[in-house]
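Below: one structure, written as structure tokens.
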Amino acid sequence: MAIALLAFILAPGLAWADDEEDKSYNEQVLDDLMYYKYSFEQGNLDTSALIDHLHEALNKLNKSDIQEGMREDIRQVVKLIAANMADLPANSVPVKATKTKLVITLGSKTLPDHFHNIIYKAEDLTGELTEIGLSDMVELLHNSMPRDVIGLKVPEDASRGSVQLSLSPISVDDFEGLEEYSLLVKDGGITFKIPLRILRSKDGGSSLTLSYKTVEPAPLFLPAADALKSAEYDIDIFWQKQDGSRDDKQTGQVVLTMPYRQDDSTDPDYLGVFTYNDTARDWTIVKGEFKASDQVDIPLTGPGKYAVLEYKKTFADIAGHWAEKDIVYMASKQIAQGLMENYFLPDNPVTRAQFAAMVLKTFGQSEVIPEKPTFIDVPSESEYFGAVEGAYRAGLIAGVDKTHFAPGLNITREEMAAMIARGLGSGVLASADQAGALEKLKNFKDYDNLSPWARQSMALCYQLGIIKGMPDQTIQPKANTSRAEATVMLRRVLDLLTAKETLPK
């Protein structure tokens with residue numbers, strides 16, 4: 001037994017002479033292959049090299065003298081290849097470790113070379129494996145073939161406080177086959193998904209730099225003692241230009257997946273992804289998709305400190321109000337804002353500017369700060385300047401004329417319907433039964449008060465249950481709306497968007 005084990009770890013062709021005489025030609029070929037399997041398991045070979053050695057062995061084998069035990073040896077090698085095809089070999093990625101940082105650098109050809117050396121080579125094994133009766137291994141390779149990701153595992157044993165990943169642009173000449181692929185950077189419980197198409201470059205382009213580390217948030221600045229439901233990650237993401245300068249352009253195509261925790265006392269309705277502003281010492285909600293019971297996907301629109309919080313916002317003047325639950329929910333999503341530090345004033349009328357700010361956030365759009373105001377009555381120093389400009393550029397609002405928005409006017413129900421319909425988009429409008437909805441609207445006593453330009457929008461909102469009729473059989477298109485009513489309507493919109501419900505016909 002000891003002799004057999006020693007022969008197993010010897011290099012190919014160096015087995016003991018007595019053993020060599022007792023073994024068939026095929027057994028000697030497979031002994032060599034098992035040596036390479038052992039070398040791969042010890043980290044001395046990468047997946048591409050193991051595929052090469054398997055190719056060599058399959059070509060050497062006497063196909064008429066293959067025993068089932070030999071097929072089992074080959075199966076073990078194929079299973080190793082299948083399990084490792086999607087991941088970059090560790091020795092192909094330069095890693096520099098210091099006491100405070102782990103720096104990983106991918107060259108412009110690292111990902112294309114891996115794709116061609118692994119994917120294409122593995123596909124070439126199909127005919128040889130089928131020929132020796134291993135169609136089950138052909139199926140395994142086919143099912144294990146990475147269709148859209150290349151994986152990079154961050155070393156776990158390196159001493160580091162933070163990780164920095166640098167990705168060079170990929171030349172269009174090397175990009176063939178990678179159009180739909182992403183790099184999946186895996187580090188413990190978190191992953192970063194980076195679409196390779198953003199690295200495609202005709203002229204060298206900019207390198208993408210991603211740095212991250214965990215930080216300890218100050219308990220004083222948390223909304224509640226037990227609000228934190230994940231680690232807090234400090235993430236810096238930017239493009240390093242060829243001249244060495246930094247470009248913080250949109251990087252939202254890069255997605256962070258991170259774990260979070262919840263217990264029996266956690267209310268999932270109030271979980272959200274937040275970034276922390278050090279200057280303001282406050283948390284701002286950002287887009288996040290809770291895809292599983294313990295994971296959330298976060299598009300990285302820029303640098304920041306990201307964490308999952310259970311955040312519940314309430315006000316002193318809404319206890320027992322008919323819209324209390326919806327106000328708390330929308331305030332916790334930072335869509336509805338109070339008018340004073342601890343007061344919501346739910347029965348006050350909502351203005352056009354206030355509703356523009358709310359509808360902008362409901363549809364996940366961002367404020368915009370242009371150099372020159374669009375409307376002369378919403379100047380740059382206005383509280384709602386960024387919200388109105390953002391809503392205007394997102395196509396959610398229109399002015400009362402070309403140069404005026406009338407931000408302080410109380411908004412009407414038909415104006416709200418128009419803004420909501422614009423946010424839902426032409427696709428929703430086209431798929432709705434407009435004719436049927438309009439016929440239903442005609443049953444209201446005050447249908448004739450509805451402006452012609454608002455009829456389709458009001459019909460859509462009525463059909464979707466966003467705006468409802470009154471007990472006296474009126475729709476009240478010209479009536480002003482309270483802050484509570486506006487909040488409830490936008491809660492219905494948000495629920496529709498979140499649940500992706502099928503539109504009623």
Side-chain angles (χ1 to χ4, degrees), residues 93-108 110-111 152-156 158-170 182-199 201 204-218 221-222 228 230-260 272-289 295-309 366-367 369:
V93 183
V95 177
K96 179 181 178 182
T98 69
K99 291 183 178 180
T100 59
K101 183 183 291 186
L102 188 68
V103 180
I104 304 172
T105 305
L106 272 70
S108 60
T110 304
L111 298 170
L152 169 61
K153 293 180 180 178
V154 176
E156 296 179 2
S159 175
R160 41 68 182 280
S162 64
V163 175
Q164 177 180 307
L165 179 67
S166 298
L167 293 88
S168 296
I170 301 173
S182 296
L183 177 66
L184 205 64
V185 181
K186 296 169 278 189
D187 187 1
I190 67 170
T191 61
F192 294 90
K193 188 174 183 179
I194 305 169
L196 297 190
R197 61 179 176 272
I198 68 176
L199 301 175
S201 173
S206 304
S207 298
L208 181 66
T209 299
L210 171 65
S211 300
Y212 60 94
K213 62 181 179 181
T214 57
V215 295
E216 292 295 331
F221 304 132
L222 290 173
L228 190 64
S230 72
E232 183 182 348
Y233 290 93
D234 190 354
I235 297 172
D236 193 14
I237 183 168
F238 61 93
W239 296 90
Q240 188 80 40
K241 299 171 72 173
Q242 290 177 301
D243 61 5
S245 62
R246 172 183 173 126
D247 183 3
D248 289 323
K249 67 182 180 182
Q250 186 82 357
T251 53
Q253 294 179 80
V254 178
V255 176
L256 163 66
T257 300
M258 59 185 279
Y260 69 95
V273 179
F274 290 78
T275 60
Y276 185 72
N277 186 309
D278 289 295
T279 303
R281 294 184 176 182
D282 198 8
W283 295 88
T284 302
I285 197 166
V286 295
K287 185 178 180 181
E289 184 177 354
Q295 285 190 324
V296 59
D297 287 351
I298 309 165
L300 298 178
T301 55
K305 294 178 179 177
Y306 294 81
V308 175
L309 303 179
S366 301
E367 293 190 3
I369 308 295

Look at the rings of Trp283 and Phe274 and say which category their plane angle falls in: under 30° parallel, 30 to 60° tilted, over 60° perpendicular. perpendicular
Tightest non-hydrogen contact, residues Ser108 and Ser168, listed as N-CB, 3.7 Å
Here the gap from Leu256 atom CG to Tyr306 atom OH, rounded to the nearest 0.5 Å, amounts to 8.5 Å
Here's a test for you: under side-chain contact (heavy atoms from CB on, under 4.5 Å), which of Leu208, Ile194, Thr105 qualifies with Leu165? Ile194
Does atom NZ of Lys213 have more than 12 heavy-atom neighbours, drawn from other residues, nucleotides or ligands, at distances under 6.0 Å? no
Using atom types as modelled and distance alone, determine if a side-chain donor or acceptor of Ser182 lies under 3.5 Å from a backbone N or O of Leu184. no
Roughly how far apart are Ser207 OG and Gln242 CD, rounded to 0.5 Å? 8.0 Å
Separation of Lys241 NZ from Arg246 CZ (nearest 0.5 Å): 12.5 Å
Pair Trp239, Ile198 - check side-chain contact (heavy atoms from CB on, under 4.5 Å), show working. CA-CA 11 Å; Trp239 296 90; Ile198 68 176; 4.0 Å; yes
Where do Ile104 and Pro155 come nearest, in terms of heavy atoms and distance? CD1-CD, 4.3 Å
How long is the gap from OG1 on Thr257 to NZ on Lys193, to the nearest 0.5 Å? 8.0 Å
Full working for side-chain contact (heavy atoms from CB on, under 4.5 Å) between Val296 and Met258: CA-CA 6 Å; Val296 59; Met258 59 185 279; 3.7 Å; yes
Evaluation steps, side-chain contact (heavy atoms from CB on, under 4.5 Å), between Leu228 and Leu309: CA-CA 5 Å; Leu228 190 64; Leu309 303 179; 3.6 Å; yes
For Pro259 against Ser230, the heavy-atom pair lying closest together: O-CB, 3.5 Å
A side-chain contact here means heavy atoms from C-beta on lying under 4.5 Å apart; do Leu183 and Leu199 qualify? no
Atom CD of Glu156 and atom NZ of Lys186: how far apart are they, to the nearest 0.5 Å? 11.5 Å
Mind checking what makes side chain to side chain contact (heavy atoms under 4.5 Å, CB included) contact with Gln164, not counting sequence neighbours? Lys101, Val103, Ser166, Thr209, Ser211
Close side-chain approach of Tyr212 to Val154, heavy-atom, < 4.5 Å: yes
To the nearest 0.5 Å, what is the distance between CG on Asp234 and OG1 on Thr275? 11.0 Å
Which atom of Pro217 lies closest to which atom of Glu232, heavy atoms considered: CB-OE1, 2.8 Å
Would Val185 and Leu210 satisfy side-chain contact (heavy atoms from CB on, under 4.5 Å), going step by step from the backbone distance to the final call? CA-CA 11 Å; Val185 181; Leu210 171 65; 5.7 Å; no
